[in-house]
Amino acid sequence: MSAPGRFIASGPLRRLAHTLPLAGLLAGMVALPALALDTRQAERVVAVLEELHEETGDTVYFDEQAALEWYERDERSSRHIAAAGFDRQSWKEAFDETLTGFLAAVPQADIDRMFAAFEDHLAATPQLTAREKRQAASIWEAQRSKLRSIRADGAQHATLVAPYVGRLKQIAASP
């Protein structure tokens with residue numbers, strides 16, 4: 001099961017999460033404390049994530065465990081993270097700060113469009129029961145609230161990460 005699917009309760013909801021850009025990334029959001037990211041680290045994180053995405057085909061997502069999951073997977077294969085100068089802890093910190101900065105740097109209009117597209121798609125999905133639709137709407141309302149908090153926390157990194165938003169959108173929005 002893909003990473004975003006782990007956060008969606010039922011099969012139809014899991015499939016729905018894969019249909020919209022950034023939906024998988026937002027599916028497992030949690031707010032984390034921000035540390036001291038610099039431009040060089042942010043660029044290295046983005047480059048490593050692009051390599052890992054290319055290598056695995058997996059979509060980049062953000063949640064409390066994502067950094068460590070990527071680290072462990074990379075340790076068993078190509079070791080791009082170590083080659084970029086990160087150890088387990090520095091990778092987690094830089095990854096978390098880069099991804100929260102990314103979410104803060106994404107224009108609010110893009111976020112609003114993504115949530116509106118989800119709501120439209122949800123309403124037009126006949127294979128979901130009314131109960132599943134209410135459950136999905138409730139889950140995504142909670143995600144919207146978490147996203148506000150993460151964007152506030154990541155705001156201090158948004159300027160550093162802003163040059164990489166396009167690149168991150170490419171690997172976060174891929175199927």
Side-chain angles (χ1 to χ4, degrees), residues 2-4 6-8 17-54 56 58-71 73-74 80-121 139-175:
S2 70
R6 283 181 266 174
F7 305 103
I8 305 298
H18 292 284
T19 63
L20 298 169
L22 296 178
L25 178 68
L26 298 175
M29 299 179 305
V30 295
L32 298 173
L35 303 169
L37 183 70
D38 67 35
T39 303
R40 194 183 60 209
Q41 288 173 318
E43 199 289 321
R44 288 190 338 235
V45 168
V46 172
V48 167
L49 289 173
E50 288 171 329
E51 290 172 336
L52 292 172
H53 169 74
E54 179 71 27
T56 67
D58 290 342
T59 299
V60 173
Y61 61 96
F62 176 72
D63 70 20
E64 189 173 89
Q65 297 301 315
L68 297 177
E69 289 169 4
W70 282 107
Y71 185 85
R73 184 182 311 168
D74 184 56
H80 293 296
I81 295 169
F86 295 106
D87 62 18
R88 183 180 181 90
Q89 185 60 37
S90 64
W91 170 254
K92 177 157 179 40
E93 292 168 2
F95 176 96
D96 290 349
E97 293 166 358
T98 300
L99 272 288
T100 60
F102 163 59
L103 290 168
V106 171
Q108 184 63 46
D110 290 357
I111 300 292
D112 293 343
R113 276 191 296 277
M114 193 238 357
F115 277 103
F118 173 79
E119 291 163 2
D120 292 346
H121 190 71
I139 289 168
W140 284 97
E141 187 52 41
Q143 297 305 320
R144 189 186 309 244
S145 177
K146 287 180 185 178
L147 180 57
R148 281 187 214 104
S149 176
I150 289 170
R151 285 171 58 87
D153 291 346
Q156 65 185 311
H157 305 300
T159 301
L160 290 174
V161 178
Y164 310 109
V165 166
R167 290 168 62 186
L168 286 166
K169 279 184 177 181
Q170 290 293 315
I171 59 178
S174 298

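Since the model is a prediction, treat every value here as computed from it, not as a measurement. Atoms considered below: every heavy atom in the structure, side chains included; atoms not considered: hydrogens, waters and symmetry mates.
Within the 4.5 Å cutoff, the side chain of V45 has heavy atoms near those of the W91 side chain. The side-chain heavy atoms of D96 and F62, taken from C-beta on, include a pair separated by under 4.5 Å. At least one side-chain heavy atom of V161 sits less than 4.5 Å from a side-chain heavy atom of L37. D153 places none of its side-chain heavy atoms less than 4.5 Å from the side chain of T100. Using a 4.5 Å heavy-atom threshold, the side chains of D74 and V48 count as separate. Counting heavy atoms from C-beta outward, L52 and R73 have side chains that stay 4.5 Å or more apart. A heavy-atom distance below 4.5 Å is not found between the side chains of F86 and E93. A heavy-atom distance below 4.5 Å is found between the side chains of V46 and E50.
Taking both residues in full, the closest heavy atoms of T98 and A94 are given as OG1-O, 2.7 Å, listed atom of the first, atom of the second, then distance. Among all heavy-atom pairs drawn from K92 and E64, the shortest one is NZ-O, 3.1 Å. When all heavy atoms of W70 and T59 are compared, the closest pair comes out as CZ2-O, 3.8 Å. Q143 and F115 get closest at one heavy-atom pair: C-CZ, 4.3 Å. Closest approach of R151 to V106, counting heavy atoms only: NH1-O, 2.7 Å. For the residue pair G85 and S90, the shortest heavy atom distance occurs at O-OG, 4.4 Å.
Expressed to the nearest 0.5 Å, how far CH2 of W140 lies from NZ of K146 amounts to 10.5 Å. In this structure, CZ on R167 lies 5.0 Å from CD on E43, to the nearest 0.5 angstrom. Here CG of L68 is found 10.0 Å from CG of D63. Values are rounded to the nearest 0.5 Å. Here the straight-line distance linking atom OH of Y164 with atom CD1 of I171 works out to 13.0 Å at 0.5 Å rounding.
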- Between E141 and R144, is a salt bridge (Lys or Arg N to Asp or Glu O under 4.0 Å) present by the stated rule, with each step listed? CA-CA 5 Å; E141 187 52 41; R144 189 186 309 244; 3.5 Å; yes
- Query: Between L160 and E97, does a side chain to side chain contact (heavy atoms under 4.5 Å, CB included) hold up when you go through it step by step?
  - Reply: CA-CA 10 Å; L160 290 174; E97 293 166 358; over 6 Å; no
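Q108 CD: more than 12 foreign heavy atoms inside a 6.0 Å radius.
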